[in-house]
Q: 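Take a look at the following structure, please.
Position 1 is the first residue of the sequence; numbering continues from there.
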Amino acid sequence: MHISFVYFCFITIFVLQYAIYYTMSIGEQIKKRRAVLNITQQNLADFSGISLRTIIALEDDSGNPSLSTLSKIADVLGLEVQLALKTDS
C-alpha cells in the first residue's frame with residue numbers, strides 16, 4: 001500500500017510539473033531549466049553556440065527563434081522541442 005501511495009505522489013508531481021511547463025512561455029521554460037541546472041546565460045550561450053544576445057531575448061520572450069536555435073538550446077538543457085499543431089475538427 002505504501003508503494004502505491006508513493007507511486008501516486010510521483011505521478012501527481014509529474015503531471016503538475018508537465019502542466020506548469022506546458023503553460024509557460026518558451027522564455028520562462030528556458031530560464032527555469034537554466035536555473036535548475038545552475039548555469040548562467042553566458043554558459044548556455046557558450047555551450048549551445050547561440051549568441052548571448054539571443055539567449056537574453058528568448059528569455060525575455062522578445063525573440064523569434066528558429067527551430068534550429070531551439071533545438072541547440074534544448075540539447076544543452078536536456079529538454080525536448082515538441083511541435084503542437086492545432087487543427088479544426
Side-chain angles (χ1 to χ4, degrees):
M1 197 114 119
H2 182 268
I3 292 174
S4 296
F5 178 73
V6 171
Y7 182 72
F8 173 77
C9 289
F10 172 76
I11 294 298
T12 303
I13 290 169
F14 176 77
V15 169
L16 288 174
Q17 287 178 341
Y18 179 78
I20 290 168
Y21 268 106
Y22 188 70
T23 59
M24 292 170 65
S25 71
I26 290 172
E28 289 171 327
Q29 290 180 47
I30 292 170
K31 192 182 295 184
K32 181 176 174 81
R33 182 64 176 168
R34 193 174 53 73
V36 167
L37 296 174
N38 197 29
I39 62 174
T40 65
Q41 290 176 321
Q42 183 64 59
N43 293 143
L44 180 55
D46 293 342
F47 298 149
S48 66
I50 305 299
S51 73
L52 176 59
R53 185 177 185 165
T54 299
I55 300 294
I56 292 169
L58 289 174
E59 288 191 1
D60 290 340
D61 292 318
S62 61
N64 188 14
S66 68
L67 187 54
S68 174
T69 297
L70 287 177
S71 181
K72 289 175 184 176
I73 292 170
D75 285 345
V76 172
L77 297 177
L79 297 174
E80 232 178 69
V81 176
Q82 295 181 348
L83 180 62
L85 299 175
K86 182 178 179 182
T87 59
D88 294 329
S89 25

Q: Under the side chain to side chain donor-acceptor pair (under 3.5 Å) test, which residues partner Asp60, sequence neighbours left out?
A: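 Per chain and number, Asp60 pairs via side chain to side chain donor-acceptor pair (under 3.5 Å) with no residue.
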
Q: Output all residues satisfying side chain to side chain contact (heavy atoms under 4.5 Å, CB included) with Leu52, sequence neighbours left out; order by chain, then residue number.
A: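 Side chain to side chain contact (heavy atoms under 4.5 Å, CB included) check on Leu52 returns Gln41, Gln42, Ala45, Ile56.
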
Q: Find the distance between OG1 (Thr40) and CZ (Arg34) and round it off to the nearest 0.5 Å.
A: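 Going from the OG1 atom of Thr40 to the CZ atom of Arg34 covers 7.0 Å.
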
Q: How close do Val76 and Leu37 get, counting heavy atoms only, and between which atoms?
A: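 Nearest pair, atom of Val76 first, then Leu37: O-CD1, 4.3 Å.
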
Q: Rounded to the nearest 0.5 Å, what separation is found between the OG atom of Ser25 and the NZ atom of Lys32?
A: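 Atom-to-atom, Ser25:OG and Lys32:NZ are 12.0 Å apart.
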
Q: Return the set of residues passing side chain to side chain contact (heavy atoms under 4.5 Å, CB included) with Asp75 (not counting sequence neighbours), or none when no residue passes.
A: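 Asp75 satisfies side chain to side chain contact (heavy atoms under 4.5 Å, CB included) with Ser71 once adjacent residues are dropped.
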
Q: Between CD1 of Ile39 and CG of Leu44, what distance do you get to the nearest 0.5 Å?
A: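 CG of Leu44 is found 5.0 Å from CD1 of Ile39.
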
Q: Measure the spacing between CD1 of Ile73 and CZ of Arg33 and express it to the nearest 0.5 Å.
A: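 If we round to the nearest 0.5 Å, Ile73:CD1 and Arg33:CZ are 14.0 Å apart.
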
